[in-house]
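Below: one structure, written as structure tokens.
Order of the sequence lines fixes the chain letters, A, B, ..., with proteins taken first and strands second; residue numbering starts at 1 for each chain.
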Amino acid sequence: MEQKISLTVNGQQVERTVPARRLLIDFLRYDLGLTGTKEACSVGVCGACTVLVDGKTAASCIMLAAQASGRAITTVEGLAAEGERLHPVQQAFIDMGGFQCGICTPGQVMAAKGLLDTNPNPSDDQIREWMMGNLCRCTGYYKILGSVRKAAGR
Amino acid sequence: MHDFAYHAPTTLPEALELLDRYGDDARVIAGGTVLVTLMKQRLSQPGHLVSLANVGVLQGVRLQGDGLHIGATVTQRDVETAPQVQSAWPLLAETYRRVATVRIRNLATVGGGLAHGDPNQDPPPTLLVLGASVTLASSQAVRTLPVSELWTGYFETAVQPGEVVTELIVPLPPVGSGSAFLKFLPRTEDDYATVSVAALVQLDVSGACQDIRIALGSAGPTAVKATRAEAVLRGKQPTDALISQAADQAREEVGPIADVRGSAAYKRDIAAVFVRRALQQAIAGAR
């Protein structure tokens, strides 16, 4: 069955009619062409698909697009406009080498943004606890910790 | 994923009417962290989803005479971070903090967790220990029952067709009580527990256990209240010997299954170890 949805994506109002079974991640990637958000585990465990829903981190692979209707979604594309300076979290991941193969990086960046929006000065333990569900199969965790620390101004 | 219709009513009567109309072919969705995963795996294929997300009456946390009333669609993260929960129900805040990851708790709702009936979840043992109850509504009636009567078997609940969970009611813990929620996680921090334990202890002026409550998760077809282990300590001074005796009793009261997290015998041993540790922590908190 078709479902009309109306939501904000990266500040832009979007109205579409999609199958009710459309997942949020597929809506972002295939309907809107926002391929920055990655899908890996598909069951909400790995964190690669992390986006912000009304400012809070969410797993877009186990959320229906219909559930996002009426809400504001932020993806990694929404952090810095085309040609503009990168978001401090993105710049910190570059400066500190917070990625290797890069597949988990958009999710890591969105999770880190979600953390710093909630708690601008997290301790290392708070960073570890918040980020523990974002898996990096290159195991670059120390560099990721350093990136979040740098983004927090430490 | 299969094809289905998505309904987003804004009032409870509308939602209940949809459930009556579509019967067995309808499922309630709130955060969707469980249901969407089950649908992706083709373990659940309802023709109609009835979303409770826009039903205002199911949102919000209210303090009333009989305790904290938590609306069914309040997220698990909002329970964890609510200042009134952290100050007056620290066991509840700590338990929800241990569920999966932040991005799951931001979606997963309190009511959805209750209705799922998964004995491996974190909240059930804590809710048993706190003596919580749950309110269910259908188009015909509203009823409230203790959570001990909500979970009837492995992924089975007392929720009837046409009924939805509307709120969770959590009484205040006894004055001066100490509590603990421990989960054994040999794999990753966001995993389901191998075994989890919630304990609450209130001591009288002599230091004896006036009120004692112990429950375990991932230790049977539903969360298990370890009543015989409680009886070992009730009215007694909580000496190391008696705490160990209570822990040994809990080992006999649980009925875990063998799975990827360990054999049944191993989980029984872990249950005893974690009951002992949870009691020690709760008693220290009560002193």
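Only the side chain of Gln3(A) comes within less than 4.5 Å of a heavy atom in chain B; its backbone stays farther off. With a 4.5 angstrom heavy-atom cutoff, Ala30(B) touches chain A only via backbone atoms. Looking at Leu35(B), there are no atoms closer than 4.5 Å to chain A (heavy atoms on both sides), in backbone or side chain. In this structure, the portions of Thr33(B) lying under 4.5 Å from any heavy atom of chain A include both its backbone and its side chain.
With rounding to the nearest 0.5 Å, the separation of CG in Leu107(B) from OG1 in Thr57(A) is 8.0 Å. In this structure, Thr188(B) OG1 and Met132(A) CE are separated by 7.5 Å, a value rounded to the nearest 0.5 Å. For the atom pair CG (Asn134(A)) and OG1 (Thr101(B)), the distance works out to 8.0 Å, reported to the nearest 0.5 Å. Atom-to-atom distance recorded for Glu2(A):CD and Asp3(B):CG is 8.5 Å, nearest 0.5 angstrom.
Contacts classified as salt bridge (charged side-chain N to carboxylate O under 4.0 Å, His left out) and involving residues 57-79 of chain A (residues at least two apart or in different chains) are given here: Asp54(A)-Arg71(A). Sorted by first and then second residue, the ring-ring contact (aromatic ring centres under 6.0 Å, His included) pairs with a member in residues 9-58 of chain B read His7(B)-Tyr22(B), His7(B)-His48(B), Tyr22(B)-His48(B); sequence neighbours excluded.
More than 12 heavy-atom neighbours from other residues, nucleotides or ligands sit within 6.0 angstrom of CZ on Arg62(B). Around the CD atom of Gln13(A), the shell of radius 6.0 Å holds more than 12 heavy atoms that belong to other residues, nucleotides or ligands. Residue-environment remark: CZ (Arg149(A)) exceeds the threshold of 12 foreign heavy atoms within 6.0 Å.
In terms of heavy-atom pairs under 4.5 angstrom with chain B, the leader among Lys56(A), Gln67(A), Glu129(A), Met63(A) is Gln67(A). Ranked by heavy-atom pairs shorter than 4.5 Å toward chain A, the options Ala100(B), Ala53(B), Gly31(B), Gly47(B) are led by Gly31(B). No other option in Gln41(B), Arg77(B), Lys40(B) has as many heavy-atom pairs under 4.5 Å with chain A as Lys40(B).
Closest approach of Arg103(B) and Gly133(A) over heavy atoms only: NH2-O, 3.0 Å.
Taking Arg187(B) as the reference, Asp191(B) meet the salt bridge (Lys or Arg N to Asp or Glu O under 4.0 Å) condition, with sequence neighbours excluded.
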>> I'd like to know whether Val36(B) forms a side-chain contact (heavy atoms from CB on, under 4.5 Å) with Leu64(A), so could you lay out the CA-CA distance, the side-chain angles of the two residues, the decisive distance to 0.1 Å, and finally the verdict.
In response: CA-CA 8 Å; Val36(B) 174; Leu64(A) 299 171; 4.0 Å; yes
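The closest side-chain heavy-atom distance from Leu115(A) to Val102(B) is not below 4.5 Å. In this structure, the side chains of Arg128(A) and Glu189(B) stay at 4.5 Å or more apart for every pair of heavy atoms.
Heavy-atom proximity under 4.5 angstrom to chain B picks out Ala20(A), Arg21(A), Leu23(A), Glu39(A), Ser42(A), Val43(A), Gly44(A), Val45(A), Cys46(A), Gly47(A), Thr50(A) from residues 16-51 of chain A.
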